[in-house]
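Everything below concerns the one structure shown next.
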Amino acid sequence: MFPCALNEAARFWMKHCTSRRAFSTLRSRFVLGIETSCDETGAAVLDETGVIWGESLYSQKKTHLDAGGIIPTVAQRLHRENISRVVQEALDRSGIEPSELTAVATTVKPGLALSLGVGLDFSLKFVRLHEKPFIPIHHMEAHALTVRMLHPVDFPFLVLLVSGGHSLLALAKGIDEFLLLGQTLDVAAGDTLDKIARRLSLRNHPECSTLSGGQAIELLAKEGDRLAFHFKSPMGQLYDCNFSFAGLRNQVTMAINKKEREEGVEKGQLLSCVKDIAAASQHTVASHIAKRTHRAILFCKSKGLLPQHNPTLVVSGGVASNEYIRQTLKIVTDATGLHLLCPPTKFCTDNGVMIAWNGIERLKQRKGIMSYTEEVNYEPKAPLGLDITSEVKDAAIKLPPLKLRINS
């Protein structure tokens with residue numbers, strides 16, 4: 001039974017019951033999810049239908065924005081200062097006592113080592129105190145599976161994960177079975193947009209002072225002319241599904257340097273063409289992502305890896321909230337006959353809900369559940385599934401022409 005199929009009678013009980021504890025007797029299993037892989041401290045309590053009973057999230061975005069980037073030791077300190085409060089808030093809002101939990105699920109890979117360590121240390125102490133099973137979670141698997149909390153998506157389906165630290169394409173064959181089709185060879189899409197925004201000094205733009213780099217780029221790009229600058233799309237002659245954004249960042253940096261000399265603009269000041277550079281940068285990132293995704297779809301179809309009925313592309317991760325990139329991908333899925341699914345923005349970024357849901361999925365299939373007495377280690381670097389990127393490259397699929405025209 002999928003969460004969206006929770007019947008109206010049950011929803012009525014949840015809404016009108018004088019005691020949520022009374023309703024909890026109708027649900028046998030609850031999972032507490034804890035997320036600290038990077039710069040968000042998140043926790044949530046879910047039941048096995050996907051209903052969110054309570055959640056809490058502390059974001060470090062402003063702190064790192066002021067610092068000009070994520071500082072691992074600062075992220076670690078902020079996680080330590082807030083994790084106990086965040087978890088308690090999620091439990092309090094859920095009305096579920098620790099004794100009523102079926103298990104605790106926590107991100108243990110991949111991510112910033114210092115951040116992962118805080119979440120794992122807290123979680124192990126918690127499960128040992130309350131003698132609860134522990135479910136270690138792969139962060140990217142959680143992103144990939146979040147959509148199943150919201151929509152009845154059957155395996156297999158294609159997954160595009162794009163965030164500040166990750167860019168990859170994979171085929172999801174099961175809750176813990178993935179085929180890796182392509183991944184970033186250098187920096188991720190989100191990190192690239194953030195660094196371009198930083199180089200453009202968008203923190204000093206009146207409309208962007210409180211926005212992340214990617215959000216600032218997306219906002220300004222709406223009023224920019226993407227044709228005012230031509231940035232070459234990366235890896236045009238490589239017929240695989242890997243990503244590379246370092247070359248694009250260098251192109252944009254050189255264009256900014258040139259315009260600053262022409263306009264006599266000093267570092268920290270805004271160029272007159274800042275919106276055009278934002279638009280051109282965003283379009284090139286979106287185009288590169290769309291082309292690699294297009295090839296991944298054609299590869300999967302050629303190998304019979306996708307179902308003939310209603311094949312699906314799931315897009316998740318922080319960058320997936322970018323509407324321009326979503327529209328670009330919609331052109332690709334429309335052309336190839338795939339159904340495009342993107343979780344709501346609040347579930348695209350890191351949060352405790354997706355970790356709890358991954359725990360629910362594993363609990364249902366009895367996979368990866370550990371005793372509270374067992375030792376667990378975190379893994380800052382961890383691949384997703386079976387790497388078949390070389391097989392994709394050997395297929396050397398050339399893309400048919402596809403015009404990526406997006407209305408502003």
Side-chain angles (χ1 to χ4, degrees), residues 2-3 31 33 35 37-38 40 42 44 46 50 105-111 135-184 188-190 241 243 289 292-293 296-297 299-300 305-307 310-321 325-326 329 333 338-365 367-368 379 381-389:
F2 288 94
V31 170
E35 156 64 20
S37 68
C38 190
E40 309 279 6
L46 269 64
T106 301
T107 305
V108 302
K109 59 184 177 182
I135 307 175
I137 299 296
H138 190 300
H139 184 76
M140 304 313 288
E141 286 185 9
H143 270 305
L145 298 179
T146 301
V147 70
R148 284 168 48 87
M149 183 184 78
L150 307 165
H151 302 281
V153 184
D154 292 328
F155 297 109
F157 56 87
L158 187 61
V159 178
L160 168 67
L161 299 178
V162 278
S163 65
H166 304 276
S167 298
L168 62 85
L169 281 156
L171 183 78
K173 300 180 69 177
I175 65 166
D176 61 349
E177 186 179 2
F178 292 80
L179 297 180
L180 182 64
L181 307 174
Q183 60 188 328
T184 184
C241 293
F243 301 92
I289 291 173
R292 308 326 261 188
T293 304
I297 292 171
F299 174 81
C300 288
L305 297 174
L306 288 172
N310 199 32
T312 301
L313 169 66
V314 171
V315 185
S316 192
V319 180
S321 61
I325 291 176
R326 288 193 187 198
L329 291 167
T333 54
L338 265 70
H339 180 47
L340 177 64
L341 280 179
C342 303
T345 299
K346 68 171 291 187
F347 295 131
C348 283
T349 52
D350 296 349
N351 58 83
V353 172
M354 71 179 195
I355 306 305
W357 174 250
N358 200 171
I360 289 289
E361 293 255 44
R362 286 182 167 273
L363 197 63
K364 288 180 178 179
Q365 296 194 20
K367 289 187 173 182
E379 301 175 48
K381 294 185 179 180
L384 177 67
L386 177 64
D387 189 339
I388 63 167
T389 55

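Predicted, not measured: the structure shown is a model, and the values here were computed from it. Only heavy atoms go into these numbers, but all of them, side chains included; no hydrogens, no water, no symmetry mates.
- Scanning both residues, Ala44 and Gly352, for their nearest heavy atoms gives CB-C, 3.7 Å.
- Contact record, Gly359 with Ile137: N-CD1, 3.9 Å, taken as the closest heavy-atom pair.
- The side-chain heavy atoms of Leu169 and Phe299, taken from C-beta on, include no pair separated by under 4.5 Å.
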Step-by-step side chain to side chain contact (heavy atoms under 4.5 Å, CB included) determination, Val353 to Lys346 = CA-CA 10 Å; Val353 172; Lys346 68 171 291 187; over 6 Å; no
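- Between the CD1 atom in Ile355 and the OG atom in Ser37 there is a gap of 7.0 Å [rounded to 0.5 Å].
- Counting heavy atoms from C-beta on, the side chains of His139 and Cys38 never come closer than 4.5 Å.
- The shortest non-hydrogen separation linking Val319 to Ala189 is CG2-C, 4.4 Å.
- Remark: side-chain polar atoms of Thr312 are paired, donor with acceptor, to backbone N or O of Asn310 under 3.5 angstrom.
- Test Ile175, Val314, Val159, Ile360 against Leu145 for side chain to side chain contact (heavy atoms under 4.5 Å, CB included) and you get one pass: Ile175.
- Counting only heavy atoms from C-beta outward, the side chains of Glu141 and Arg362 approach each other to under 4.5 Å.
- A heavy-atom distance below 4.5 Å is not found between the side chains of His166 and Leu161.
- In this structure, Arg148 contributes its side chain and Asp154 its backbone to no donor-acceptor pair below 3.5 Å.
- Thr146 places no side-chain N or O within donor-acceptor distance of the main-chain N or O of Met354, the cut-off being under 3.5 Å.
- Summarising the geometry, atom CZ belonging to Phe157 is positioned 10.0 Å from atom CG belonging to Leu313; distances are rounded to the nearest 0.5 Å.
- To the nearest 0.5 Å, atom CD1 of residue Ile297 and atom CG of residue Leu338 are 4.5 Å apart.
- The heavy-atom pair separating Ser316 from Cys348 by the smallest distance is OG-CA, 4.2 Å.
- We find the CZ-OG distance between Arg326 and Ser321 to be 6.5 Å, quoted to the nearest 0.5 Å.
- Among all heavy-atom pairs drawn from Ala382 and Pro110, the shortest one is N-CB, 3.8 Å.
- Leu160 CG to Phe243 CZ: the interatomic distance, rounded to the nearest 0.5 Å, is 5.5 Å.
- In summary, the side chains of Asn358 and His138 do not present any donor paired with an acceptor at a separation below 3.5 Å, with no hydrogens or angles considered.
- Annotation: side chain of Ile325 is in contact with side chain of Ile289 (closest heavy-atom distance under 4.5 Å).
- Contact annotation: the side chain of Asn351 never approaches that of Glu40 to less than 4.5 Å [non-hydrogen atoms, C-beta and beyond].
- Between Leu158 and Leu181 the shortest side-chain heavy-atom distance falls below 4.5 Å.
- At least one side-chain heavy atom of Pro343 sits less than 4.5 Å from a side-chain heavy atom of Leu150.
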Does the pair Met140 and Phe178 meet the rule for a side chain to side chain contact (heavy atoms under 4.5 Å, CB included), with working shown?
-> CA-CA 11 Å; Met140 304 313 288; Phe178 292 80; over 6 Å; no
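- Here His143 contributes atom NE2 and Leu384 contributes atom CG; the two are 11.5 Å apart, rounded to the nearest 0.5 Å.
- Closest non-hydrogen pair, Pro156 versus Leu305, comes out as CG-O, 3.3 Å.
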